[in-house]
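Side-chain atoms are counted along with the backbone in the values below, which use heavy atoms only and exclude waters and symmetry mates. Every chain is numbered from 1 and lettered A, B, ... according to where its sequence line falls, protein lines coming before strand lines.
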There are 2 protein chains.
Amino acid sequence: MAAASRILRGDTNEFSVATCDRVLAAASSLGWRRNLLVRGVQTGRTQTIGVVVPPYDSFWVGLLSGVNSGLARADYLPINVWPGDTDNMPYFESDEEEGVRLMNRLLDRRVDGLILWPPFALAYAKHVAELHDQTVPVVVIDYHADALRSDTVATNETQAMRTVAEHLLALGHRRFGYIGCRETSAQTWALERRRGFEIALDGVPGVSYRRCKLNRRGSNGLDVATRLLQGGSAPTAVVAATDHEAVLIYQAAAALGMKIPDDVSVVGFADLDFAAGMIPPLTTVRQRASELGRQAASLILGRLDGSIAGSSRHDVRVDAELVQRRSTAPPRSDQPRQRRAANSSRIRRQRRSSSE
Amino acid sequence: MAAASRILRGDTNEFSVATCDRVLAAASSLGWRRNLLVRGVQTGRTQTIGVVVPPYDSFWVGLLSGVNSGLARADYLPINVWPGDTDNMPYFESDEEEGVRLMNRLLDRRVDGLILWPPFALAYAKHVAELHDQTVPVVVIDYHADALRSDTVATNETQAMRTVAEHLLALGHRRFGYIGCRETSAQTWALERRRGFEIALDGVPGVSYRRCKLNRRGSNGLDVATRLLQGGSAPTAVVAATDHEAVLIYQAAAALGMKIPDDVSVVGFADLDFAAGMIPPLTTVRQRASELGRQAASLILGRLDGSIAGSSRHDVRVDAELVQRRSTAPPRSDQPRQRRAANSSRIRRQRRSSSE
DNA sequence: CTGAAAGCGCTTACAG
DNA sequence: CTGAAAGCGCTTACAG
């Protein structure tokens, strides 16, 4: 019995070949299959990680894929759940109750660790003892806050935005616009990203900069994008917080009769699945989504096997790379390209440009 | 002990209030949490479903979301895994070995049922005893084959394509093109979808029809799309197997200097997340992805609780609805709009048009 | 190298 | 209504 148990788990070289064969043959003829539940009860390890990350877009799917393959190498399985429906993503911060229920479902099944998407990390810790006690290792994605004790994995926003700024400056742009997504307190990446761009521009002579962002529900996107492109000091290059906002700039430009990149250059962020298919193909920052996922898996696995020890937090930052496609070009050097001067009064309250 | 077990599971009304309070108080002060692993060992039910479906695009994500919420209502949890990396989706049919390993990992953890993406369903059954014996209920998504004994859930392709054909015919189109994705033997939906369109066109007087499809790796998409739009009998309306192929038509049209919908109308399929953001916004068929997922969850749950019994296969078909946006309009009634007659020789071998 | 024994944290009949 | 007993399918020391 004990021998069989060990042989079936692979300890074949501690036993005689005959015994091994006998056990293995019996097992396969009986259609035996190991029961990881029992092992979980005995050892306290289920080789299972709860992943509370909604697959909002292809970035998150890529991340999930990385988590998947990172865990697979150690024979771990992810259990991916999230509160709410994808239909009203990403507006489910309020579903705290459902989220806590979800965490409990995961913990009832004795997941060995947890990978969490930012809005949930802090909220759940208040309600779920295991999180607060740090009984179960937790990795949070794309989030940074001093109050957080869990390990984190995120894109190196500052580095990424510097490559964007350098690219546009090298093309000759000096009048910049930035269109941000909503910035909730959970979206520290959004703040870091924008600040990263602003820092990279800081001190460069002759630069003007104008920024806008969507409202909380993101419902005013086209308005905001349209206004950004108009007026006397309109930018020659617009940087978007993500490829989603870059789409808004494309739409606004089309409505205004402006051509990309002739009239305005556009840079996205994420390199989502549709970015290469846009017309023109979008220049954007490729986040290494699956690498982020693999890093998250490694952190969790490291905490579990003890190779990462100590109570100090580990913050992994992954660099991202600019993908130059057709949406960026040098600014027009000829006449100021404004077509709708009549509308310029609407943007008078914007930050003054140094180039007019 | 037995009483505590029952009370903790919610049988509070069979016991005195005092006992219940005592048990509940003790449980919470001890930080007790139910252990579903043990219950799984005892009852043979883990309340866990293996979902082998790669989140290839927002359709599959929506489906996964539906599975999630469908299972959640019964306090079941999905374990979503897939072979390979998202980076080289959807070209992982060949990963049979890794897929089988994945199935075994799932079964070792005693999932109660399985939801499978088409290419895997048949391949795995050969290697995994539980699938072949039908010990574990299985639902296959978007697949149809007589050899298959599992229940299935799919979009009603025929109905969906009829609404597409009716829409275009009502606008006045008679010259049609169809751009298909690759059609592997696992993609029965692709065949049904195309046949659905062809059937809807069948017998309508004065109709011409020309079709093309991508190669197995999908690498010749732009070429194929470009050729479809050119030549003497070029279509005034193109229907795409999915929104992905519609993007190719947009790109080809842009390269040829053709305007959508003025020069050619385009209809997609799926209503993926980027479809509404395309320029112009894409008319497409909205597949009810999360409804498909919920139906899959219901089928599994029904098999498990016995409300769906018998060995006959259940095939659920979900209707889809046309979303009219700006990429379709009546055909130009004036001059034939061909701009590159010089290229027309390249498409001579195509099916002849009845309108020239 | 190989067996018999206890135990993981419950659940399920079965007595009181 | 409430306890003592057996057992789920293993794993883990511990003897032979």
Side-chain angles (χ1 to χ4, degrees), chain A residues 1-48 50 74-77 104-112 129-130 133 135-136 304-306, chain B residues 1-48 50 74-77 104-112 129-130 133 135-136 304-306:
Chain A
M1 187 75 308
S5 173
R6 296 243 282 285
I7 289 169
L8 261 7
R9 271 175 295 152
D11 268 15
T12 50
N13 49 0
E14 282 186 27
F15 299 87
S16 69
V17 180
T19 317
C20 290
D21 285 356
R22 197 157 47 87
V23 169
L24 262 18
S28 82
S29 79
L30 260 47
W32 179 88
R33 170 183 291 287
R34 64 182 180 162
N35 188 333
L36 256 27
L37 298 176
V38 178
R39 204 219 278 180
V41 172
Q42 312 275 137
T43 63
R45 286 285 167 86
T46 54
Q47 313 225 117
T48 264
D75 197 25
Y76 271 70
L77 233 39
N104 283 324
R105 284 237 285 285
L106 252 13
L107 264 0
D108 287 349
R109 277 159 185 91
R110 295 297 186 270
V111 293
D112 294 336
E130 284 85 344
D133 303 349
T135 317
V136 164
L304 287 170
D305 69 17
Chain B
M1 188 74 307
S5 173
R6 297 244 281 285
I7 288 169
L8 260 7
R9 270 176 295 154
D11 268 16
T12 51
N13 49 0
E14 280 186 29
F15 299 88
S16 70
V17 180
T19 317
C20 291
D21 285 355
R22 198 156 47 86
V23 169
L24 263 18
S28 82
S29 80
L30 260 47
W32 180 88
R33 169 182 294 284
R34 64 182 180 163
N35 188 334
L36 254 30
L37 298 177
V38 177
R39 205 220 275 178
V41 173
Q42 312 275 135
T43 64
R45 287 285 168 85
T46 53
Q47 314 223 116
T48 266
D75 196 25
Y76 271 69
L77 233 40
N104 282 325
R105 283 238 284 285
L106 253 12
L107 263 2
D108 286 350
R109 277 159 185 92
R110 295 296 187 271
V111 293
D112 294 336
E130 284 85 344
D133 303 348
T135 318
V136 164
L304 286 171
D305 69 17

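Distance check: T48(A) OG1 to L37(A) CG gives 9.5 Å after rounding to the nearest 0.5 Å. Atom CG of L107(B) is separated from atom OG1 of T135(B) by 8.5 Å, given to the nearest 0.5 angstrom.
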## Note on the structure
Parsed dot-bracket for DNA chain C after applying the Watson-Crick and G-U rules with both distances under 3.5 Å and | for other-strand partners is |||.||||||||.|||
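Between the CZ atom of R39(A) and the C1' atom of dG9(D) there is a distance of 13 Å, rounded to whole Å. Distance R33(A) CZ to dC10(D) P: 12 Å, rounded to the nearest Å. We find that CZ of R110(B) is positioned 11 Å from C1' of dC10(D), with the value rounded to whole Å. Atom CG in L37(B) sits about 10 Å away from atom C1' in dG9(C), given to the nearest Å. Rounded to an integer number of Å, the gap from CZ of R45(B) to P of dC10(C) is 21 Å.
Taking 4.0 angstrom as the limit, W32(A) places a side-chain polar atom (N or O) nearer than this to OP1 or OP2 of dC10(D).
With sequence neighbours left out, R33(B) forms a salt bridge (charged side-chain N to carboxylate O under 4.0 Å, His left out) with D108(A), E130(A). Residues satisfying the salt bridge (charged side-chain N to carboxylate O under 4.0 Å, His left out) test with R105(A), not counting sequence neighbours, are D75(B).
Of all nucleotides listed (dC10(C), dT11(C), dT11(D)), dT11(D) comes nearest to the side chain of T43(A). In this structure, of dC10(C), dC10(D), dT11(C), it is dC10(C) that holds the atom nearest to the side chain of N35(B).
Formation of a donor-acceptor pair under 3.5 Å by the R109(A) side chain with backbone atoms of Q47(B) is found in this model.
The only member of N35(B), V41(B), L36(B) that meets side-chain contact (heavy atoms from CB on, under 4.5 Å) when paired with V38(B) is N35(B).
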